[in-house]
Asker: 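Pasting a structure here, questions to come.
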Amino acid sequence: MPKKTQEKRKPWVKNLYSNREYPDNYTDASFLKDLRTNLHVRIYTYSEATAGITVLNNQISCIAGFLILYQMMLSDSVSPTTILLPSCGITGLGYLCYRGRKLSMPLLGEDSKTLVTVVLFGYLFSPMLHTLTQAISTDTIYTTTFFVLLANLMFTNYGLDVAVVSKAISLNAAIFGAICLASRLSTSYHAFVLLVEAAIFFVLYPIITESNWHALFMIPIFAVCCAALYWISRPVLCLYACTTLFINFVCPFIFVRQQKYKFNIHGPWDEAIVEENTDENLDENL
């Protein structure tokens, strides 16, 4: 009786053209040996999440503070000069704290030139900006302002390196909203003060807080906004307070509870990441 000979199949490899002896739907036990799960995943605590989300509430309070000043000038409860002078004083103190020991006379001179140029051109063009959108209905102005300030909130840099962050879109949206609101005020001087406040709230203030922000700073900011809204509108106060507290305490709680469901897989199928050569890693890559 002839002896049957059975050739042993070649070992399965991760090569499409080297596995002709195996069926198309065959999965070898070694296929997932390089599988890794949840690489580089950081688990945040509730205190870290609560402190981190204050940057979002800070931006919400920044928009709320700007709208509070607008409402105060719109109702003529406070004169524009009463708003402008304290704002300039606080901005000056913030500038000194921001520059710190790096402050020098040449640097102060350059910053003063920029400040004078911006203020001068803003004052000269304020009559034109005051009447730029005056023909548009108030409902349309307020609706447009709502959406552009929402865009400012969405595209602001919160310290995350993601594609949606755009300082240009965020700043332009806020300035456009200020120009829209300026047309509802009574005089061009009111419009000039509102544009100055927009520059302080959406240009200078983020620069200072970006490098010196602390979670405890949110307490006085929240208290000031609540105190101002108490005299303007109680329903808006409730909306602002509930939204801020929900974002700052409930959302981090949900985030921390959901972290256990993170499941990221990594393996040979991942896209290759090309690392750019810099002065720090050039020697290592060579």
Asker: Are any non-hydrogen side-chain atoms of Arg257 and Tyr46 less than 4.5 angstrom apart?
Answerer: no
Asker: Mark yes when over 12 heavy atoms from residues, nucleotides or ligands other than Met128 sit less than 6.0 Å from its CE; otherwise mark no.
Answerer: yes
Asker: Which heavy-atom pair separates Tyr95 from Leu107 by the least distance, and what is that distance?
Answerer: OH-O, 4.2 Å
Asker: Can you confirm whether Tyr142 is buried at OH, in the sense that more than 12 heavy atoms of other residues, nucleotides or ligands lie under 6.0 Å from that atom?
Answerer: yes
Asker: Quick check for you: to the nearest 0.5 Å, what is the distance between Phe201 atom CZ and Ser87 atom OG?
Answerer: 6.5 Å
Asker: Answer whether the closest heavy-atom distance between the side chains of Phe66 and Leu194 falls below 4.5 Å.
Answerer: yes
Asker: Just checking, any donor-acceptor pair under 3.5 angstrom between side chains of Thr156 and Ser170?
Answerer: yes
Asker: Rounded to the nearest 0.5 Å, how far apart are CD of Glu197 and CZ of Phe192?
Answerer: 10.0 Å
Asker: How long is the gap from CG on Asn58 to CD1 on Ile53, to the nearest 0.5 Å?
Answerer: 12.5 Å
Asker: Considering only heavy atoms from C-beta outward, does the side chain of Leu69 approach that of Met72 to under 4.5 Å?
Answerer: yes
Asker: Atom NE2 of His130 and atom OG of Ser186: how far apart are they, to the nearest 0.5 Å?
Answerer: 6.5 Å
Asker: Out of curiosity, His190 NE2 to Leu74 CG, how far, rounded to the nearest 0.5 Å?
Answerer: 9.0 Å
Asker: Rounded to the nearest 0.5 Å, how far apart are CG of Leu239 and OG1 of Thr244?
Answerer: 8.5 Å
Asker: Can you tell if the side chain of Met73 reaches within under 4.5 Å of the side chain of Tyr189, non-hydrogen atoms only?
Answerer: no
Asker: I'd like to know if the side chain of Ser47 pairs up with that of Thr45 as donor and acceptor (distance under 3.5 Å, no hydrogens or angles considered).
Answerer: yes
Asker: Cluster question for you: counting only ILVMFWY and a side-chain heavy-atom cut-off of under 4.5 Å, with indirect links fine, are Leu85 and Ile90 together?
Answerer: no
Asker: Below 4.5 Å, heavy atoms only, C-beta onward: do Leu149 and Leu153 meet side chain to side chain?
Answerer: no
Asker: Within a strict 4.5 Å, meaning less than it, do heavy atoms of the Ile60 and Ile247 side chains meet?
Answerer: yes
Asker: If you look at every heavy atom in Ala174 and Asn152, which pair is closest and at what distance?
Answerer: CB-ND2, 3.6 Å
Asker: Could you check whether any side-chain heavy atom of Tyr158 comes within less than 4.5 Å of a side-chain heavy atom of Leu56, counting everything from C-beta outward?
Answerer: yes
Asker: Taking the side chain as every heavy atom from C-beta outward, state whether Val196 and Val119 have any atom pair closer than 4.5 Å.
Answerer: no
